[in-house]
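Some notes on the structure that comes next.
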Amino acid sequence: MKRILSAITSMLLTLSLTACGSAGGSDVPPAEPDTEPPVEEGGEQNVLVAYFSWSGNTEEMAAYIAEQTGGDLLEIQPATPYPTDYDACGEVALAERDSNARPAIANLPATLDAYDVIFIGYPIWWHTAPMIVGTFLESYDLEGKAVYPFTQSASMDEEQFGNSMDFVRQSAGGAAVHDGLFARPADTQAIDEYLAASGLAG
């Protein structure tokens with residue numbers, strides 16, 4: 001008799017525990033799924049503002065762009081300085097263009113690996129970019145870099161600007177060369193609008 005009662009008691013206890021487990025489970029709401037997608041962490045882009053300037057106009061633009069983007073400023077200095085006389089400088093520039101020369105740079109950095117974005121500034125010389133810009137761009141592996149040209153000239157001729165853009169694209173092999181900025185140095189509104197449209201304003 002005791003064995004029968006013990007067996008019945010054990011069975012009732014088991015059924016009771018099972019029922020409690022089921023009831024407890026039904027009271028716990030299922031975990032709610034995340035309603036927002038995970039946020040990807042993105043690092044800030046490192047910007048270099050490299051430029052060649054003879055008269056100081058491109059230097060003015062470069063300094064402003066570096067200030068607005070927080071980029072590092074680099075003046076491209078020729079190993080053999082160009083003549084300070086306008087006509088004499090023009091003769092040298094024309095000879096370099098006609099021979100597709102690559103003038104040496106005195107302060108060429110060993111690498112640009114630290115930078116994701118490279119602004120390249122220059123004046124329009126003989127309907128295109130100065131050949132020293134080709135020297136600079138062709139000195140590096142620019143694969144994966146974003147290049148943003150900026151330039152100005154006395155005539156502000158759009159065709160000459162287009163020629164300079166073609167030259168930059170040919171010289172910056174592997175880089176993503178974006179539409180350039182063609183504006184007068186004092187036109188900070190145009191510069192600001194270009195930087196904002198490019199997502200590079202500080």
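Keep in mind it's a predicted model, so treat the numbers as computed, not measured. Residue numbers run from 1 in the order of the sequence given.
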Which distance, rounded to the nearest 0.5 Å, do you find between the CG of L195 and the CD of Q68? 7.0 Å
Could you check whether S155 and D157, counting side-chain N and O atoms only, form a donor-acceptor pair closer than 3.5 Å? no
Honestly curious: do I120 and V47 fall in one hydrophobic cluster under the side-chain, below-4.5 Å linking rule? no
Measure the spacing between CD of E158 and OG of S153 and express it to the nearest 0.5 Å. 9.0 Å
Which residue pairs satisfy the ring pair (Phe, Tyr, Trp, His ring centres under 6.0 Å) criterion with at least one member in residues 100-119, sequence neighbours excluded? F119-Y148
Go through the steps to decide whether Y194 and D187 satisfy the test side-chain hydrogen bond (donor to acceptor under 3.5 Å, both in side chains), and finish with yes or no. CA-CA 11 Å; Y194 175 79; D187 192 352; over 6 Å; no
T135 side chain to P103 main-chain N or O, any donor-acceptor pair under 3.5 Å? yes
With sequence neighbours left out, which residue pairs that include part of residues 134-156 fulfil the salt bridge (Lys or Arg N to Asp or Glu O under 4.0 Å) condition? R102-E138
Could you list the donor-acceptor pairs under 3.5 angstrom formed between side-chain atoms of residues 48-58 and any protein atom two or more places apart in sequence or on another chain?
| unit_1 | atom_1 | unit_2 | atom_2 | d |
| --- | --- | --- | --- | --- |
| S53 | OG | G56 | N | 3.1 |
| S53 | OG | E59 | N | 3.2 |
| W54 | NE1 | P83 | O | 2.9 |
| S55 | OG | N57 | ND2 | 3.3 |
| T58 | OG1 | Q152 | NE2 | 2.9 |

Is there a donor-acceptor pair under 3.5 Å between the side chain of T151 and the backbone N or O of Y122? yes
Close side-chain approach of F167 and L137, heavy atoms under 4.5 Å: no
Closest non-hydrogen atoms of I76 and P78, given as atom of the first, atom of the second and distance, are O-CD, 3.7 Å
Any donor-acceptor pair under 3.5 Å linking the side chain of D116 with the backbone of Q45? no
Do I124 and V92 belong together in a cluster built from hydrophobic side chains that touch within less than 4.5 Å? yes
Side-chain heavy-atom pair Y140, P109 within 4.5 angstrom cut-off: yes
Rounded to the nearest 0.5 angstrom, the CD-CD1 distance for E60 and I65 is 11.0 Å
Mind running side chain to side chain contact (heavy atoms under 4.5 Å, CB included) on T128 and Q160 for me, showing each step along the way? CA-CA 6 Å; T128 188; Q160 296 176 11; over 6 Å; no
Under 4.5 Å between side-chain heavy atoms, hopping through other hydrophobics if needed: is there a path connecting M165 to I132? yes
Has T69 got a side-chain atom pairing as donor or acceptor with G71's backbone, closer than 3.5 angstrom? yes
Working to the nearest 0.5 Å, report the span between CG of D113 and CG of N46. 11.5 Å
How close do L73 and A62 get, heavy atom to heavy atom, and via which atoms? CD1-O, 3.5 Å
Can you check whether W126's main-chain N or O pairs, donor with acceptor, with R97's side chain at less than 3.5 Å? yes
Honestly curious: do V147 and I105 fall in one hydrophobic cluster under the side-chain, below-4.5 Å linking rule? yes
For the CG atom on D179, are there more than 12 heavy atoms of other groups (residues, nucleotides or ligands in this structure) within a distance under 6.0 Å? no
Between the side chain of S164 and the main-chain N/O of F161, is any donor-acceptor distance below 3.5 Å? yes
Residues A176 and H178: closest non-hydrogen pair is O-CD2, 3.2 Å
Do you reckon Y82 sits in the same ILVMFWY cluster as L108, going by side-chain contacts under 4.5 Å, direct or chained? yes
